[in-house]
Structures are given as C-alpha cells and as structure tokens.
Undergrad: 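Would you mind keeping the following structure in view while I ask a few things?
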Amino acid sequence: MEILTLEALRDNYIYILIDTFHKTAVVVDPSESAPVLEALHKRNLSLTAILNTHHHHDHVGGNNILLEMFPSAKVFGGKNEGRIPSQHVFLAENDCFTVCESQCRILDIPGHTRGHIAYYFEKEGWLFSGDTIFGGTCGAIFEGTPEQMFESLKKIAQLPPNTSIWCSHEYTEMFMPEAAKLDAHNSKILERTHRVKQLRNTGTPTVPLLLQEELDTNPFLRFSNPEFASQYNSNPGLDTFLKVIQASG
Ligand SMILES: [Zn+2]
C-alpha cells in the first residue's frame, strides 16, 4: 500500500491510500473533492472507501461529491460522532477491518469532538489521527473535556515510538514557538524548530510526524516525563497535562 499526501484548503492534508495491485484507493478526511478526483483520475484508481476521523467540514467536505462519482464507496466514521455526511459504517474502539489488504484498527480518541476516531495500521506503523495531535501541539478541545483529551493522547503515546502519525493539518512550524515556551529547557525543541523551518522554506510537509519526536518535543505528550512535570510542580500524568493546557491558554 502506498500513501499519497494531498494539500487542500489552507493547511489541510488529505491522504489517499493506494492498493497499486488492484488499482483501488481509500481516502482519509477529504476536505474537498477536486484534488482527490484529480489524483484518482491521473492514476486510474477507483475509490472504495472514505475514512473520516470526525465530522468537521474541513474533513468531510468532499464526501458527497466523491460518493456521486463512486457510488459503491463506503463512508466510515466513529459511532459516537454523528454528523458525517452519508456515513455507512459506525466504528468503535478496537474495531478491525481491511483497507487495501492491510489491517486497520480503530482508536476511539474523543476530545476535539465527542466521537473522534483514529485509524491505526499496526503492521505498517501508521496512525491517521485527524485533529487530535499535531506537530508540537494537540487539537482544540471543542466537544470533549481535557480529561478525555488526556486519555486520547495517552493512547497515542503508548503506541510504538516509531509510529508515523499522519495528522490533518500542517501546524508544526506555527506551534514550535509555543512548544518552546511551554518546555523552556528542552534543547530538542530548538533543534526541531530549525529543521521544521528548513522543510517549510522549501514547501516540504512535516508529516508524517514521528511519535518518538512528539514524545521528545510536544509539550502535550510530555506529561509522563518526570523532569518535564517538575517544571510544572506537578505529578507526571493528568496533573501535568492539565497544567500545560492551562499554561497554553
Ligand atoms: Zn476538526
């Protein structure tokens, strides 16, 4: 299976997973249909499924037009999310299914929205995580509680450190200065800031993120590090996470 990264809207990413043998494709969070249709057409691929992480318009905006063009495609989303246009399949924690001949398992990760899910490909080490984690930051907590977001991020933090995280927005460069403020003594953040600047200067995406790098430099994933927690005079875990959320305003 091959992954194609498409830039869409202002700073969204749409991912197309391609089964090169069968000439079929699956799309993750199509914010708009045009770039997806163009990419499919160029490679002569037919769309079999749309995987939505949550209901926000910049993740599902392309659903209906894509379904008009590929009426047999199925729309997947979380069972607690609702509001996903034309949803056919309602998924819960640990549900497994096959995508382009690879096994995918669902992580239920509420917080940004109430039914936000991630699509995890254990064998490939890929996580499609929508708006829950970004380079150096986490998603805004719109519908859930900080406690829910903490549990969701903890679930992600416990995946193998070499997991590639395909998040839905290019936010890394924008949030590095805030990460540096929230974790002032972390020299890895400064190194990363420099690297990210170089990548963005040439228009190169910073995705996929590497989980190990987030564990090292993303203040919202550093809650279990005792040294980091001590900067906040708190115990590692939820206590620290809540203080980081508070400090980030
Ligand atoms: Zn969102």
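For ligands, and for the atoms within them, numbers begin at 1 and follow the listed sequence. Residue indices begin at 1 and follow the sequence shown. What you see is a predicted model; the values in this text were computed from it and never measured. All heavy atoms count here, side chains included; hydrogens, waters and symmetry mates do not.
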Undergrad: Strictly under 2.8 Å, is the Zn ion (ligand 1) approached by any N, O or S atom of Asp58?
TA: no
Undergrad: Taking NZ, NE, NH1 and NH2 as the nitrogens, is one of them in Arg114 or Glu81 under 4.0 Å from a carboxylate oxygen of the other?
TA: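 Looking at Glu81 together with Arg114, the answer is no, because their closest N to O distance does not fall below 4.0 Å.
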Undergrad: For the residue pair Thr240 and Lys243, establish whether any side-chain heavy-atom pair is separated by less than 4.5 Å.
TA: no
Undergrad: If you stand at the Zn ion (ligand 1) and look out to NE2 of His112 and ND1 of His56, what angle do those two lines make, to 10°?
TA: 90°
Undergrad: Could Glu38 and Arg43 be called an ion pair, given the rule that one side-chain N must be under 4.0 Å from one carboxylate O?
TA: no
Undergrad: Taking the ring of Phe134 and the ring of Tyr171, is the distance between their centroids below 6.0 Å?
TA: yes
Undergrad: Strictly under 2.8 Å, is any N, O or S atom of His54 next to the Zn ion (ligand 1)?
TA: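 Yes, since at least one N, O or S atom of His54 sits under 2.8 Å from the Zn ion (ligand 1).
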Undergrad: So which N/O/S atom does Asp131 have closest to the Zn ion (ligand 1)?
TA: OD2
